Amino acid sequence: MEQLIQQIASGIANGAIYACLALALVMIFVSTDHINFAQGEMAMFSAFLCWQLLDWGLNFWIALPIVVVVSFLIGLSIERVILRPLHGAPVLSVVVVFIGLLAIFHSLAGAIWTHTIKAFPSPFPQVAFAGSGYIGPHQLGMIAVTVGLLGALFAFFRFTPLGLAMRAAAQNPASARLAGVSVDWMLALGWGLAAAIGAVAGTMVAPAVYLEPNMMASILLYGFAGALVGGISSPGGAVAGGFIVGVLENLVAYFGNLLEKITGFYLIGNGEKLTVALIIVITVLTLKPSGLFGHVTVKRV
Amino acid sequence: MALLEVEGLKAYYGQTQALHGVSFALEPGGITTLLGANGAGKTTTLRSLCGMVRTEGSVRFDGRPISGRATEAIVRLGVGHVPEGRGTFTNLTVDENLRVAAYTRRDKAAAQRDLDMVFEYFPILKARISQQAGTLSGGEQQMLAISRALMLGPRLMLLDEPSFGLAPLIVQEIFRIMRRINAEAKVSMLLVEQNAALALELADHAYVLETGRVVMSGKASVVKSDEAIRKSYLGY
C-alpha cells in the first residue's frame, strides 16, 4: 500500500513535467495548428543555458527569469525568421523544419556543452516535511511550479487584453485582423510563450534526470501523450493530461511488477513505461481525437 | 474631399482576376451601396479595400493611400469591416468579442463610450453579454458584427450583406439602426447587398457592378426609379 501511494506521488511529480511540456505544445498548436517536435530540444537547450548561468555562480532564482526571457526571445525569433516565410506552406514542409530545429538544438547543445552528463542542483531546499517519505522536496516543488504556471497563464489569457487578442487571433485570424489585431505578432508571441514554458519545464526536469542533450527525448513523448489525452486544443486539459499520463505510467509499472510477483509471469514493468505512453497516444487518436477536455464548440446553424 | 477614393482597382485570387479597374468615390457622411449580381465583385471590392486580397490600383482613405497596407493597419485608421458571414469569434463571449475590437485603441475612455453606445443601439447584446457568441441567433450575431466594427471607432463602415440569412423583420430592425448609426454617430457606410430594393431604400448613392467593373452610378432615388437599370442589373 505504502509503495502504491509512493508510486502515485512520484507519478504526479513526473506528471507535472509532462504537463509543462504539454502546455507548451498546446500553446503552439492552438495558434498555428502545428505540433512543434522541437519543443523538447528547445527546453533542453534552455536547461543548459540555466546550467551555464549557475556554473558562472548565479543564484537559481536569478538565473531562471533570465533563461525564461532569453528562451522567450529565441522562440519569438524562430517564428519571425524561420516560420514566417512558411505561412501557407504544406504541413509536411513545416514538420521537416521542426525536425531540422530538433537536430540543430540537439547538436548545438552537444557542441557547446559536450555530451557528458552534468548534475543540475535542485533549486528547492532539501528539507524533511510531513509526507516526505512519499514525495521529495524537488518533486513537490515541480508540482507547485507547474500549477503556478498554469494559474499565471490562465489569468493572462482570461484577464488581459493581450491574452484576449491572442485567443481571438487563434480562433479566427481573419476576423482578428478586422478587429485591428496583428495576427502575425500574436503567432510569434505564442511561440515565445511556448519556449518560455518549455524553459521552465527544462530547468525543472534537469535535476530529476541529469542534464544531457538526450534528456528530453522520451519526456517530449510523454508530454505529447499528455496533451493528446487532455485534448490538444485545451491548455487546462493538457495539464490534466500530463498528470494523468504521469500517474498512469507508474501505476501500470507497479501493477505489472505486482503481477509478476504473484504469478511469476512478466507482462509489463518499468521497462515498458515508454510503451505505455505510445499506447496512450494511439488509443486516444483512434477513440477520441479531441481528448478528454477538448473543446466542443456550441454552434447554432 | 472624398472620404474614400478608389481608382482603377484590380483584384486577383491567385491567377484569376476578379476586379477589372473599379473606380468610385464616397462622400463623407453618406450611405453608399454597391449593387450587382452574384460574382459581380461586390464582396471582392470590400475585401480589396481592407487589404484582404492582392490588388493593384489606388485606394485613398481620407486622402491617405491605403492600398498595399496590412489589414489591421487599415482597420486602425478607422475603417470598420463587417465581413460576409459575420466573422463572429464563436468561442468568445459577447463581451470579449466587443473588447477585442477596442484592444488597439489608445483612448480607453472613448472605447468605453462606444461600448455604452453599442448597448444603446443593441440592448439585446447587453442582455447576452457573458454568453458564448456562437450561441447567439443569426440576427444577434449580425448585430454583434456591426457592434464589433463600431468598437473600432470607425469613420467608414464596410458592410457585407448584413441581411444575409435573416428574417425580414430582423433585417428591417437592423437597417433602421444602421440609419441611426449613420446619422447620430457620423459613420459613413459602404453597403454591399444582394437585396437591391432594400439597399436602395437605405442608401443615398448607388454604384452598380458587373463582372468586376462599375457599369453605372447615381443617386439611389434615381437608380431606384429607372426601370431599365432595375430590369437589366438588379433583377426586380
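These numbers were taken from a predicted model, which means no experiment stands behind them. So that the names make sense, note that chain A is the first sequence line, chain B the second, and so on, each numbered from 1.
Both tests pass for Arg80(A) against the ring of Trp185(A): distance under 6.0 Å to the centre and angle within 45° of the axis. Under a cutoff of 6.0 Å and an axis angle of 45°, Arg54(B) and Tyr12(B) form a cation-pi pair.
Of the two parts of Leu152(B), only the side chain, counted from C-beta on, holds a non-hydrogen atom closer than 4.5 Å to a non-hydrogen atom of chain A. Residue Met52(B) touches chain A through its side chain alone, counting heavy-atom pairs closer than 4.5 Å. If you measure heavy-atom distances from Tyr103(B) to chain A, the contacts under 4.5 Å come from the side chain alone. For Arg76(B), the part lying near chain A is the side chain, with the backbone staying farther off; criterion is any non-hydrogen pair under 4.5 Å.
By the salt bridge (charged side-chain N to carboxylate O under 4.0 Å, His left out) test, Glu120(B) pairs with Arg180(B), sequence neighbours left out. Checked against salt bridge (charged side-chain N to carboxylate O under 4.0 Å, His left out), Arg128(B) has the following partners two or more places apart in sequence or in another chain: Glu140(B).
Not a single donor-acceptor pair under 3.5 Å links the side chain of Ser71(A) to the backbone N or O of Ala196(A).
Counting heavy-atom pairs under 4.5 Å between each of Asn172(A), Asp184(A), Val183(A) and chain B puts Asn172(A) at the top.
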